[in-house]
Amino acid sequence: MTLEELLRKKKKGISPVSKKEVEIPLTFVVDIGQEREDGVHFIIHPAHENGETLDFVVKGNELTPL
């Protein structure tokens with residue numbers, strides 16, 4: 001799964017206004033793993049949901065999947 005795919009995921013929920021089922025964007029947790037020579041290692045995971053966890057290293061604005 002790509003980061004874009006993960007960020008586009010939605011869950012089903014009930015609208016408090018219409019009381020109909022709607023798709024809601026997920027909220028994510030970003031945890032810093034460690035500072036490394038090649039950047040900062042972190043993971044991103046859906047908050048309070050089962051889902052895929054992705055690992056990355058970021059240096060400046062350059063993101064590298066692990």
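In this text the structure is predicted, and so the values were computed from the model without any measurement.
In this structure, Pro46 and Glu52 approach most closely via the heavy-atom pair CD-O, 3.4 Å. Closest non-hydrogen pair, Leu6 versus Leu54, comes out as CD2-CD1, 3.7 Å. Across all their heavy atoms, Ala47 and Val29 have their closest contact at CB-CG2, 3.5 Å. What you find for Glu5 and Met1 is that their closest heavy atoms are OE1-CA, 3.2 Å.
Residues in residues 41-50 take part in these side-chain hydrogen bond (donor to acceptor under 3.5 Å, both in side chains) pairs, two or more places apart or across chains: Lys11-Glu49, His41-Asp55, His45-Thr53. Every pair tested for side-chain hydrogen bond (donor to acceptor under 3.5 Å, both in side chains) that includes a residue from residues 22-33 fails, sequence neighbours excluded, so the list is empty.
Ile43 and Leu66 fall into different hydrophobic clusters, where Ile, Leu, Val, Met, Phe, Trp and Tyr residues are linked whenever their side-chain heavy atoms come under 4.5 Å apart, directly or through other members.
No donor-acceptor pair under 3.5 Å is formed between the side chain of Glu62 and the backbone N or O of Lys59.
The environment of NZ in Lys20 is sparse: at most 12 heavy-atom neighbours from other residues, nucleotides or ligands sit within 6.0 Å. Crowding of Arg36 atom CZ: a count of heavy atoms from other residues, nucleotides or ligands under 6.0 Å exceeding 12. The 12-atom threshold is exceeded at CD of Gln34, counting heavy atoms of other residues, nucleotides or ligands nearer than 6.0 Å.
Annotation: side chain of Ile14 is not in contact with side chain of Val22 (no heavy-atom distance under 4.5 Å).
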Next item on the list: Take Leu3 and Phe56, measure what side chain to side chain contact (heavy atoms under 4.5 Å, CB included) needs, and give me the verdict at the end.
Entry: CA-CA 10 Å; Leu3 179 57; Phe56 295 92; 3.7 Å; yes
Next item on the list: For side chain to side chain contact (heavy atoms under 4.5 Å, CB included), just list the numbers for Leu7 and Ile44, CA-CA rounded to whole Å, side-chain angles, deciding distance to a tenth of an Å, and then say yes or no.
Entry: CA-CA 10 Å; Leu7 295 175; Ile44 182 169; 4.1 Å; yes
Next item on the list: Starting from the C-alpha separation in whole Å, work towards a yes-or-no answer on side chain to side chain contact (heavy atoms under 4.5 Å, CB included) for Val58 and Thr64.
Entry: CA-CA 6 Å; Val58 64; Thr64 304; over 6 Å; no
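For the atom pair Lys10 NZ and Ile24 CD1, the distance stands at 10.5 Å (nearest 0.5 Å).
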